[in-house]
Undergrad: 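Got a structure for you, written out below as structure tokens; questions coming shortly.
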Number of protein chains: 2
Amino acid sequence: MMFSKSCEYAIKAVIHLCMETRDGKRLSVADISEAIESPEPFTAKILQTLARHGFISSAKGPGGGFYIEKNAAPIVVMDLVELIDGDQAFNRCGLGLKECSEDHPCPIHNEFKSYSARLKKLLESKTIQQLAAEIKAGRAFLVNS
Amino acid sequence: MMFSKSCEYAIKAVIHLCMETRDGKRLSVADISEAIESPEPFTAKILQTLARHGFISSAKGPGGGFYIEKNAAPIVVMDLVELIDGDQAFNRCGLGLKECSEDHPCPIHNEFKSYSARLKKLLESKTIQQLAAEIKAGRAFLVNS
DNA sequence: CATATTTCGGATATGTATATCCGAAATATG
DNA sequence: CATATTTCGGATATACATATCCGAAATATG
Ligand code: FES
Ligand code: FES
């Protein structure tokens, strides 16, 4: 498993927000969790974390909800992953050694590291906005059906 | 996290067996778990699973233990992974869609799939015996210190 | 045969990610 | 100001991977 569930929901939620709140609209937890097919209270926790760290904005009260500012900077996918999953996803040794290093490599280090490093680089160059564009263009999907 | 703990221990244990039981010797659970720094009873479970599926051999009673037959065929790393972790490791969608497919891809499918597929191919071409050789040559390590 | 050793299999315990619940705070509306 | 709506934060529950325990079966040895 590459990402945690939390991280999967986080990525999907921010993509959805990015698509739906361009024009000052706001989405409630219920809206979002329904759209991305995720458990509502669990999604709420994640959205709160994202808001607390400034990845998204939030407003309380009637008509409130979560949104992304019009002039907000593009969100790098890898930044989301690092917030939610820490360095568990990419800097960990594939066989559980305390640390992954060239000096003291496990026997699958070369296979493992070269590919995880390249994937990491790719996610560092991808933004949520780019992914959202793929969805809008109908070339990718956030849910099953 | 790429592999489960069970899978990490399985790979390490079989590598260790491969290195230490070439000459008809047998290793007890205690020997193995100490060598690869894994919890003993948990390791026992994994070794039993591996033996039940024919990846390794076992003998009860005094002088017994786990071992690999002299004339045993090389063990493909990916086969171990599939036994222990199923297809969770490689055939799953990175964003949690029910299935990963070209027809209905999630927005990170292209990044994700092309690299996980290549890693999978590599693990299908690597054998435990090859990894054991790396350890013996001092170019790779199974434990930290 | 008696004993010690070791794997085997099932039941149980622990830890952690996942998921839920609830009361408080903020805020828009009338 | 009263009310409804919504996020916020902390506490709690659930599910599953991880880890342990224990009695039974097998077997080498004397
Ligand atoms: S040391 Fe194991 S993956 Fe780098
Ligand atoms: S559909 Fe998500 S990784 Fe292939």
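Below, chain A is the first sequence line, B the second, and so on; all start at residue 1.
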Undergrad: Please verify the inter-ring angle class for A:F141 with B:H104; under 30° counts as parallel, over 60° as perpendicular, anything in between as tilted.
TA: parallel
Undergrad: Are A:K5 and A:E8 within salt-bridge range, i.e. N to O under 4.0 Å?
TA: yes
Undergrad: Dot-bracket for DNA chain D, please. Rules: Watson-Crick or G-U, both distances under 3.5 Å, ( ) within the strand, [ ] when a pair crosses earlier ones, | for another strand, . otherwise.
TA: ||||||||||||||||||||||||||||||
Undergrad: Do other residues, nucleotides or ligands put more than 12 heavy atoms under 6.0 Å from A:E34 CD?
TA: no
Undergrad: Is a side-chain donor or acceptor of B:S125 paired with a backbone partner of B:L122 at a separation under 3.5 angstrom?
TA: yes
Undergrad: Map A:G61 and A:E40 onto DNA chain C by nearest heavy atom, then report which one ends up closer to the 5' terminus.
TA: A:E40
Undergrad: Please confirm whether the backbone N or O of B:I75 pairs with a side-chain atom of B:Q129, one donor and one acceptor, at under 3.5 Å?
TA: yes
Undergrad: Students often get this wrong, so: under 4.0 angstrom with heavy atoms, is B:A59 touching a base, only sugar-phosphate, or nothing?
TA: sugar-phosphate
Undergrad: Can you give the first and last nucleotides of DNA chain D, 5' to 3', that have an atom under 4.0 Å from a heavy atom of chain A?
TA: D:dA4 to D:dA11
Undergrad: Hey, does the side chain of B:K12 reach the backbone of A:L95 with a donor-acceptor pair shorter than 3.5 angstrom?
TA: yes
Undergrad: Rounded off to whole Å, could you give me the NZ-to-P distance for the B:K45 and C:dT12 pair?
TA: 13 Å
Undergrad: Any donor-acceptor pair under 3.5 Å linking the side chain of B:H53 with the backbone of B:T49?
TA: yes
Undergrad: So A:P41, base contact, sugar-phosphate only, or nothing? Heavy-atom distance under 4.0 Å.
TA: base
Undergrad: Quick one: on DNA chain D, does A:A30 or B:Y9 contact a more 5' nucleotide (nearest heavy atom)?
TA: A:A30
Undergrad: Starting at CD of A:E8 and ending at C1' of C:dA17, how long is that distance when rounded to a whole Å?
TA: 12 Å
Undergrad: Between A:D85 and A:E82, is there a donor-acceptor pair closer than 3.5 Å when you use the side chain of the first and the backbone of the second?
TA: no
